[in-house]
Amino acid sequence: NAGVTQTPKFQVLKTGQSMTLQCAQDMNHEYMSWYRQDPGMGLRLIHYSVGAGITDQGEVPNGYNVSRSTTEDFPLRLLSAAPSQTSVYFCASTGGGSIEQYFGPGTRLTVT
Amino acid sequence: GDSVTQMEGPVTLSEEACLTINCTYTATGYPSLFWYVQYPGEGLQLLLKATKADDKGSNKGFEATYRKETTSFHLEKGSVQVSDSAVYFCALNSGGSNYKLTFGKGTLLTVNP
């Protein structure tokens, strides 16, 4: 039982490049979320999903796309990276009646 | 909208000192309240939670009580250890949705031997 996994751990992009941050969970959780963590800002919700095929925007969705084709996977896409997207990104999941969110180890992204 | 305000720190204590990290919130409805901890280089882990007024969450010697009248959820520990050094986040589930957390800005705690 790996819990929530994220790849890559680190990534450096140039402005304008695109990439996908991967997130997978093996707990059969219906709910998955993406957060970004910035110094002095805490964590802020980017997008979330309440089940396969259903996604919605959080507090800071601009510049990011998501999709949820399976229960296990919830990738986050940056279509045209900007320096303002330099951050640490965390994926989380919950379900089965639990109120606890389980977090992945994070992806540290730098956009130059 | 919902918001969480917590003591920003950083907080530096000696081993065996008492810890209090203040947290207050603004929310519609009746949210559940959480403290998450982030050890260096890791993701967040749930430390403790409370789901209704006057509930006390506790874990690893840490405690916090859900105070509806003061809209607070202060984190306390009577005797901290070096291994407690981490960033602590207060959070609530926005709109009662367990998949949408609103976080405070985090408090860095450093405990010296």
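Because only heavy atoms are used, hydrogens play no part in the values below, and waters and symmetry mates are left out as well, while side chains stay in. What you are looking at is a predicted structure, and each value in this text was computed from that prediction instead of being measured.
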message: For residues A/Phe90 and B/Phe89: do they belong to one hydrophobic cluster (side chain heavy atoms under 4.5 Å, members Ile, Leu, Val, Met, Phe, Trp, Tyr)?
response: yes
Quick one: donor-acceptor pairs between chain A and chain B, under 3.5 Å, side chains and backbone, table format.
| unit_1 | atom_1 | unit_2 | atom_2 | d |
| --- | --- | --- | --- | --- |
| A/Ser33 | OG | B/Tyr99 | O | 2.7 |
| A/Tyr35 | OH | B/Leu101 | N | 3.1 |
| A/Gln37 | OE1 | B/Gln38 | NE2 | 3.3 |
| A/Gln37 | NE2 | B/Gln38 | OE1 | 3.0 |
| A/Gln101 | N | B/Tyr36 | OH | 3.0 |
| A/Gln101 | O | B/Tyr36 | OH | 3.4 |
| A/Gln101 | NE2 | B/Asn98 | O | 2.9 |
| A/Gln101 | NE2 | B/Tyr99 | O | 3.1 |

- prompt: If you look only at pairs with a residue in residues 75-85 of chain A, which of them pass as a side chain to side chain donor-acceptor pair (under 3.5 Å), with sequence neighbours excluded?
  reply: A/Ser67-A/Arg77
message: Just verifying a value: how many Å separate A/Ile99 CD1 and B/Leu33 CG, rounded to the nearest 0.5 Å?
response: 9.0 Å
statement: When the 4.5 angstrom heavy-atom criterion is applied to A/Leu45 and chain B, the contacting part is side chain
Per-residue contact mode, A/Val88 against chain B (heavy atom under 4.5 angstrom): neither
query: Do you reckon A/Leu21 sits in the same ILVMFWY cluster as A/Val60, going by side-chain contacts under 4.5 Å, direct or chained?
result: yes
- prompt: Do B/Val37 and B/Leu13 belong together in a cluster built from hydrophobic side chains that touch within less than 4.5 Å?
  reply: yes
- prompt: Linking I/L/V/M/F/W/Y whenever any side-chain heavy atoms sit under 4.5 Å apart, do A/Met41 and A/Leu109 land together?
  reply: no
- request: Output the option from B/Val4, B/Val87, B/Leu101 having the highest count of non-hydrogen pairs under 4.5 Å with chain A.
  value: B/Leu101
task: Treat each ILVMFWY residue as a node, draw an edge where side-chain heavy atoms are under 4.5 Å apart, and state whether A/Phe74 and A/Leu78 are in one component.
output: yes
